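First comes the structure, then the notes that go with it.
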Amino acid sequence: MELALIGLAKSGKTTVFNALTGGKAQTSAFAGGKLEPNIAVVKVPDPRVDKLAEIYQPKKVTHATVKYVDVAGMAREEDSPEKGVPEALLQYVSRADALIAVIRGFEDAIHGLPKISHDVETVHLELVFSDLAKVENRLNKLEKTLPKLSGREKEVQHFEFEVLRKIQPLLQENKPIRAAGLSHEEEKAIRGFQFLTAKPIMYLLNVGESELARGDELVRQLNVTGITDQPRTTTAWLAGELEMEIAQLEGEDRAAFLRDYKIERPAAERIIALSYELLGYISFLPVGPVEVRAWTTPAGTQAPQAAGTIHSDFERGFIRAEVVPYDELIRQGGSFANAKKHGLCRLEGKNYVVHDGDVINFLFSV
Ligand SMILES: Nc1nc2c(ncn2[C@@H]2O[C@H](COP(=O)(O)OP(=O)(O)O)[C@@H](O)[C@H]2O)c(=O)[nH]1
Ligand SMILES: [Mg+2]
C-alpha cells in the first residue's frame, strides 16, 4: 500500500510524514520546499501477526508494509494562471493507492490563522484541474485519431473516449472522478491515467498542540461544499508536531508521553488503520514454521487471486484453501491441527471470498 502526502506548502506534510514514519526529515518554516520527495516504508502494526509468531516461532516474521511519500507543496501561487498539480510532483503522487491531504490547522507566522475550509477547497480544486487537463488533452487527441482507426483498436479507444466524455462534465462541476459511479470495465479503461480524483483520499487536519482537546470539533470544519462527503473520502486529525515527538520515543518513555497527553493510540497506528478502511483493504495471514506473514488485498478478493499475491503458481495451480479465522485459531491454542480435528477448518474453493484475519493454507499443484 502506497500513500502520498499532499497539501499546500507549510501545512505540515513533512512533520506528519515524520510522525507517521518515525523519520527525521527536514521540516521548514520558510517558503520553497525541495522537489525530491521523502520516502519511507513502515511496518503495519498487527498484533495478530505478533501473536502468531509467538506461537509458531517461524524463521521469518513479515508484517504488511505501507510506503509513505511526502512531496513538496502542490499548489501554485494563488494568482498563477497555471492550475493543477505541478508536473514534477505528479509522477510521485500518481503512483499512490490513496492520497492523504494534510490541511493546516495550526496558526502560522506567515499565513496566520488556519483557513481550514479554504485550504480543503484549494487542494481539491488542484486535483480536479490536474485531472481535467489530462482528460481534455486525451479527448482532443482521440478526436483526431479515432476516425483513422478500425477494428478492435477502434473499439477499445472509442470506449475510452466514451468514459472520458462521461467524466469530463463531472470534473467541470468540480466533482471527483470517484463520484462518477464507473463500472469495473469503465474504471479499467482509464486506469492508465492514474487520475488523482479517482483515488481514495483522506483529509487530515494537522492541529497545534493547544488544540488537542478540540480536534473532533475542528475536524468538522474540513467539510465544506460537500467535498468530504464524496465517495471514498474520509477525514481525520492529528497534532503533527506532538505526534512527531511520540514517533521518536520508545518503550516506557513513549507510553508515559501518550498517558500525559491522553492520547489513546498514536497517529502512526490510527492513520494506517484508517487507510486500510478507506481503501477497503484486508489482511490474511498464512502461518507455518518457515514464515508467519500478513498479506494485504482488497476486500472481495477471491481465494485464487489472494493466493496469487503470494506467488503466481499458487493462483495457476489453485486447488483449495484451508481456512481458520484468526480468533478461532487462537481459541484452539493457535494449532491448525487442533482446529482441523475439531472441524473448525473450512475447505474453500475458488469462489471463496477471503476475509480479514483469515489464517489460510493454500493447496495447489503445478
Ligand atoms: N504549531 C505547529 N506547527 C507545526 C505543526 N506542524 C508543522 N508545523 C510547522 O509548520 C512549518 C512547516 O512544516 P512542514 O512539515 O515543513 O510543512 P510542509 O511544507 O507541508 O512539509 C514548520 O515550521 C513546522 O514546525 C503543528 O502541528 N503545530
Ligand atoms: Mg515538506
Side-chain angles (χ1 to χ4, degrees), residues 2-40 42 67-78 80 85-86 88-93 96 99-116 118-127 196 201-219 221-222 235-249 257-258 260-263 265-271:
E2 185 165 336
L3 302 171
L5 294 162
I6 59 164
L8 305 183
K10 309 294 153 247
S11 55
K13 294 178 297 300
T14 302
T15 304
V16 170
F17 172 82
N18 287 339
L20 298 181
T21 64
K24 291 183 177 151
Q26 183 66 47
T27 58
S28 152
F30 307 101
K34 64 184 178 92
L35 276 185
E36 314 87 73
N38 297 306
I39 297 174
V42 302
K67 183 173 176 180
Y68 284 107
V69 183
D70 159 39
V71 293
M74 56 178 255
R76 316 228 177 213
E77 293 303 310
E78 215 141 343
S80 163
V85 181
L89 306 182
L90 208 50
Q91 52 167 323
Y92 300 111
V93 185
L99 308 179
I100 298 181
V102 177
I103 304 296
R104 183 172 64 90
F106 56 90
E107 191 170 346
D108 171 280
I110 305 161
H111 303 91
L113 290 171
K115 294 180 282 185
I116 297 175
H118 169 271
D119 289 356
V120 170
E121 200 153 22
T122 307
V123 169
H124 171 70
L125 289 179
E126 294 289 344
L127 301 176
L196 301 180
I201 186 166
M202 179 192 303
Y203 286 93
L204 180 59
L205 184 65
N206 178 22
V207 304
E209 187 184 319
S210 55
E211 305 286 23
L212 212 47
R214 287 213 310 147
D216 289 326
E217 180 190 326
L218 290 170
V219 89
Q221 290 182 30
L222 289 172
T235 59
W237 67 274
L238 84 175
E241 278 197 327
L242 203 65
E243 293 279 357
M244 185 166 102
E245 283 179 57
I246 294 170
Q248 305 293 343
L249 299 173
F257 198 108
L258 290 170
D260 281 354
Y261 284 94
K262 299 192 173 60
I263 296 174
R265 207 175 170 201
E269 288 179 26
R270 219 157 33 86
I271 300 305

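Source: prediction; values computed, not measured. Just so you know, ligand 1 is whichever comes first in the structure, and atom 1 is the first atom listed for that ligand.
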Does ligand 1 have a heavy atom under 4.0 Å from the side chain of N206, from its backbone, from both, or from neither? side chain
With only distance considered, is D108 within less than 3.5 Å of ligand 1 through an N or O on each side? no
Distance filter under 4.0 Å to G12 heavy atoms, resulting ligand 1 atoms: 7 (C), 13 (O), 14 (P), 15 (O), 17 (O), 18 (P), 20 (O)
So, D70 side chain and L5 main chain: donor-acceptor pair closer than 3.5 Å or not? no
Which atoms of ligand 1 sit under 4.0 Å from any heavy atom of G240? 27 (O)
Measure from the side-chain N and O atoms of K13 to the backbone N and O of L8, and report whether any donor-acceptor pair falls under 3.5 Å. yes
How many angstroms lie between atom CD of Q221 and atom CZ of R214, to the nearest 0.5 angstrom? 7.0 Å
In terms of heavy-atom contacts, Y203 and H124 come closest through OH-CB, 3.6 Å
Quick check: do V102 and I6 have side-chain heavy atoms less than 4.5 Å from each other? no
Tell me whether S11 reaches ligand 1 (any heavy atom closer than 4.0 angstrom to a ligand atom). yes
N/O of G208 under 3.5 Å from N/O of ligand 1, yes or no? no
Backbone of L113 reached by a side-chain donor or acceptor of R104 within 3.5 Å: yes
Report yes if some N/O of D70 lies less than 3.5 Å from some N/O of ligand 1; otherwise report no. no
The side chain to side chain contact (heavy atoms under 4.5 Å, CB included) partner of T15 among M244, E243, K10 is M244
Closer than 3.5 angstrom, by distance alone: can the side chain of E241 be matched with the main-chain N or O of V207 as a donor-acceptor pair? no
Is there an N/O/S atom in T14 that lies less than 2.8 Å from the Mg ion (ligand 2)? yes
Does ligand 1 come near enough to V207 that some N or O of the ligand is less than 3.5 Å from an N or O of the residue? yes
How many angstroms lie between CD1 in I103 and CE in M202, if you round to the nearest 0.5 Å? 12.5 Å
Using distance alone, decide if ligand 1 has a nitrogen or oxygen within less than 3.5 Å of any nitrogen or oxygen in E209. no
Going by distance only, is there an N or O of T27 that falls short of 3.5 Å from an N or O of ligand 1? no
State whether the shortest distance between N or O atoms of K13 and N or O atoms of ligand 1 falls below 3.5 angstrom. yes
Please confirm whether V102 comes under 4.0 Å of ligand 1, counting heavy atoms of the residue only. no
